[in-house]
Trainee: 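Have a look at the structure that comes next, please.
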Protein chains: 2
Amino acid sequence: MDVSPDFDVQLGRDGVALTVRDRELLAAIDEDGSLNAAAESLGRSYAHAQRRVVELEDAFGSLVDRSRGGGGGGGSELTDRARELLATFDRVRAEFAGVAETDETVLSGRVIDRDGELATVETAAGRIRAVTPPDCTEVGVTIRADAVTLNRPAEAPEPGGTSARNRFEGEVVGVDHGETLARVTVAVEPGLHLTALVTVESIERLGLTPGTAVVATFKATATRAVARAES
Amino acid sequence: MDVSPDFDVQLGRDGVALTVRDRELLAAIDEDGSLNAAAESLGRSYAHAQRRVVELEDAFGSLVDRSRGGGGGGGSELTDRARELLATFDRVRAEFAGVAETDETVLSGRVIDRDGELATVETAAGRIRAVTPPDCTEVGVTIRADAVTLNRPAEAPEPGGTSARNRFEGEVVGVDHGETLARVTVAVEPGLHLTALVTVESIERLGLTPGTAVVATFKATATRAVARAES
DNA sequence: CGGCGTTGTATCGTCTATGGCACAACGCAA
DNA sequence: TTGCGTTGTGCCATAGACGATACAACGCCG
């Protein structure tokens with residue numbers, strides 16, 4: 001169907017949400033040294049920017065040290081708290097961006113056992129442990145490519161020795177080289193592929209080429225199931 | 001600082017974005033069998049709902065089979081494509097929700113080597129391979145708890161045998177039991193903790209209690225660095 | 001002491017998203 | 001043929017977000 005997932009991040013606190021727009025504003029204040037110049041350089045109204053800063057400080061605490069009068073008329077500067085806030089915003093945004101970018105393999109299956117948030121799902125590829133919402137049996141299981149680690153069969157950890165609850169033996173059927181990252185397609189059942197995102201360094205180290213036998217492992221806590229329309 | 005990350009998902013296509021609101025609308029149409037009743041039950045205006053459906057179909061193709069006149073005056077029904085769209089929307093949303101929920105450990109460090117998207121970051125815990133944006137040396141590395149797998153030292157995969165590029169030996173210092181999931185805190189350096197999200201099943205299987213020696217591994221492709229303010 | 005560029009504050013106009021409403025078109029059933 | 005509940009369409013009202021403008025307060029500096 002070819003849709004592109006997109007997202008908006010916000011950092012919430014006390015009912016106020018710091019959005020991308022706010023992030024830009026704070027960054028511009030940091031850059032320009034004054035609330036006025038920041039609004040100007042962003043093409044926004046000073047009045048609104050000022051009100052917004054007050055609003056944000058109401059919820060997040062002191063963010064901008066503002067002073068009026070004095071040499072040059074005054075100016076503004078970000079507090080350490082504001083910088084910290086920007087940093088966590090960027091971190092969160094980077095995480096989300098990672099999710100939006102990396103592709104995933106989706107398997108449909110049926111919940112055959114459940115224990116709180118965790119369920120065992122029977123799929124065409126075998127049984128998968130995944131985080132599952134309550135009250136659903138027909139589910140789609142999504143496995144993000146960056147969550148799948150590939151191991152040489154001889155050195156793959158035994159199920160009892162690792163916290164990776166899902167383990168599938170398979171054979172590499174395709175390697176899609178990027179510059180430094182590569183998508184590896186692993187056949188775990190005839191006609192059933194799992195894709196893993198690994199570094200080209202790993203490709204070379206493990207000697208991954210079509211035909212190579214590998215063991216793919218991924219954690220139950222990194223695997224999510226969602227209810228599937230029973231149409 | 002105690003902020004709560006939040007997000008809005010959308011599925012984009014041809015410049016139109018299918019939002020949560022649209023998802024609700026389509027679901028209501030599916031439920032109520034008519035566009036009219038759907039708008040009613042959602043407390044929205046029919047006019048706007050109808051126009052929105054047309055807008056969406058402009059971008060996504062046929063979504064709602066609508067018929068007017070006839071027994072009961074007509075009615076509407078979702079197409080298979082619409083159902084598929086809802087399913088992928090839910091999957092994407094579940095992925096994002098997972099990211100927003102699971103906590104992460106953040107390490108600050110310096111890029112000491114770089115190869116395209118991938119960089120080696122020197123941190124207090126050691127060297128970490130992570131996906132890194134271009135043009136930054138002072139970075140914060142974030143490691144999501146659900147991306148960290150714990151292994152028994154004896155059975156931990158050798159660096160050469162796995163695609164998990166990051167590997168740290170440490171000692172369990174805390175286990176925060178949930179119902180079926182648990183957060184395990186691992187000290188990889190004195191005073192430097194890494195948290196992993198694992199199932200309680202794994203806790204028992206690996207015998208994880210404070211003092212247990214473990215090897216924590218996580219993939220470079222699941223680890224992201226972001227530029228840090230050099231204040 | 002006046003100038004200057006800033007911060008604060010109030011008010012107004014605009015744009016956009018949305019609900020409210022009116023009315024035509026439709027097609028089956030009584 | 002009439003009634004009915006739906007879809008389709010146009011127009012207006014409302015609310016919120018935001019820019020534009022104006023003006024007071026501030027405090028160093030020449």
Side-chain angles (χ1 to χ4, degrees), chain A residues 6 8-10 12 15-59 61-79 82, chain B residues 6 8-10 12 15-59 61-79 82:
Chain A
D6 200 3
D8 282 327
V9 207
Q10 11 182 303
V16 180
L18 187 142
T19 67
V20 192
R21 199 178 163 81
D22 298 321
R23 201 225 98 102
E24 289 170 354
L25 177 57
L26 291 179
I29 293 175
D30 193 24
E31 175 111 1
D32 298 335
S34 99
L35 218 160
N36 211 314
E40 169 77 11
S41 76
L42 288 176
R44 304 185 193 169
S45 80
Y46 168 82
H48 195 70
Q50 196 276 339
R51 272 192 299 265
R52 183 57 180 166
V53 167
V54 172
E55 248 175 43
L56 290 175
E57 288 191 318
D58 243 33
S62 174
L63 296 178
V64 182
D65 277 337
R66 291 160 281 177
S67 70
R68 62 178 166 185
S76 295
E77 198 178 357
L78 293 194
T79 65
Chain B
D6 199 3
D8 283 327
V9 207
Q10 19 186 317
V16 181
L18 187 142
T19 67
V20 192
R21 197 176 166 82
D22 299 320
R23 201 225 99 100
E24 290 170 355
L25 177 57
L26 291 179
I29 294 174
D30 193 25
E31 176 111 0
D32 298 334
S34 99
L35 218 157
N36 213 314
E40 169 76 14
S41 77
L42 287 177
R44 304 185 193 171
S45 81
Y46 167 82
H48 194 70
Q50 196 277 338
R51 273 192 294 266
R52 183 57 181 167
V53 167
V54 172
E55 248 176 43
L56 290 175
E57 288 191 318
D58 241 34
S62 173
L63 297 178
V64 182
D65 276 338
R66 289 159 284 177
S67 69
R68 61 178 168 185
S76 295
E77 197 178 357
L78 293 194
T79 65

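None of the values given here were measured: they were computed from a predicted structure. By convention in this document, chain letters (A, B, ...) are assigned in the order of the sequence lines, proteins followed by strands, and residues within each chain are numbered from 1. Hydrogens, waters and symmetry mates are skipped; everything else that's a heavy atom, side chains included, is used.
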Trainee: Kindly say if B:Ser45 contacts the phosphate of C:dC21, meaning a side-chain N or O under 4.0 Å from OP1 or OP2.
Mentor: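 Checking C:dC21 against B:Ser45, no side-chain N or O comes under 4.0 Å of OP1 or OP2.
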Trainee: In whole angstroms, how far is the C1' atom of C:dT14 from the NE2 atom of A:His48?
Mentor: 14 Å
Trainee: For B:Gly72, report the nucleic acid contact type (base, sugar-phosphate, nothing); a contact means any heavy atom under 4.0 Å.
Mentor: sugar-phosphate
Trainee: Contact between B:Arg44 and B:Arg52 at the side-chain level, heavy atoms closer than 4.5 Å - yes or no?
Mentor: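 When only atoms from C-beta onward are counted, B:Arg52 and B:Arg44 do not touch, as no gap falls below 4.5 Å.
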Trainee: Roughly, in whole Å, what's the span from CZ in B:Arg21 to C1' in C:dG19?
Mentor: 10 Å
Trainee: Can you check the A:Gln50 CD to C:dT9 C1' distance for me, whole Å?
Mentor: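 Rounded to whole Å, this separation is 8 Å.
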Trainee: Between A:Ser76 and C:dT7, does any side-chain N or O lie under 4.0 Å from OP1 or OP2?
Mentor: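 Looking at the OP1 and OP2 atoms of C:dT7, one of them is under 4.0 Å from a side-chain N or O of A:Ser76.
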Trainee: Rounding to an integer number of Å, can you tell me how far B:Glu55 CD sits from C:dT18 P?
Mentor: 9 Å
Trainee: Atom OH of B:Tyr46 and atom C1' of C:dT18: how far apart are they, to the nearest Å?
Mentor: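 The distance from OH of B:Tyr46 to C1' of C:dT18 comes to 16 Å, rounded to the nearest Å.
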Trainee: Do NZ/NE/NH1/NH2 and the carboxylate oxygens of A:Glu24 and A:Arg21 come within less than 4.0 Å?
Mentor: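 No, this pair does not count.
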Trainee: So B:Arg44, base contact, sugar-phosphate only, or nothing? Heavy-atom distance under 4.0 Å.
Mentor: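 B:Arg44: backbone/sugar contact only, no base atoms under 4.0 Å.
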Trainee: In Å, rounded to the nearest 0.5 Å, how long is the span from CG of A:Asn36 to OG of A:Ser41?
Mentor: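 So the CG of A:Asn36 and the OG of A:Ser41 are separated by 10.5 Å.
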Trainee: For residues A:Leu56 and A:Asp22, determine if any side-chain heavy atom of one lies less than 4.5 Å from a side-chain heavy atom of the other.
Mentor: yes
Trainee: Nearest-nucleotide wise, let me know which of B:Ala47 and B:Ala37 is further upstream toward the 5' end of DNA chain D.
Mentor: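 Nearest-nucleotide comparison on DNA chain D picks B:Ala37.
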Trainee: Let me confirm one number: the CD-CG distance from A:Glu40 to A:Asp32, rounded to the nearest 0.5 Å.
Mentor: 9.5 Å
Trainee: Describe the nucleic acid contact of A:Arg52 in one word from base, sugar-phosphate, nothing, applying a heavy-atom distance below 4.0 Å.
Mentor: nothing
Trainee: Within this structure, what is the CZ-to-P distance between A:Arg51 and D:dT21, rounded to whole angstrom?
Mentor: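 A:Arg51 atom CZ is separated from D:dT21 atom P by 15 Å.
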Trainee: Which whole-number value in Å describes the distance from B:Arg66 CZ to C:dG27 P?
Mentor: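 These atoms are roughly 15 Å apart.
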Trainee: Please compare A:Ser34 and B:Leu42 by the position of their nearest nucleotide in DNA chain C and report the one closer to 5'.
Mentor: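 The residue whose closest nucleotide sits nearer the 5' end is A:Ser34.
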Trainee: Any donor-acceptor pair, under 3.5 Å, between the side chain of B:Arg68 and the base of D:dT7, if you only look at N and O atoms?
Mentor: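 Check passes, donor-acceptor contact within cut-off.
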Trainee: Specify the separation, in whole Å, of atom CG of B:Asn36 and atom P of C:dG20.
Mentor: 13 Å
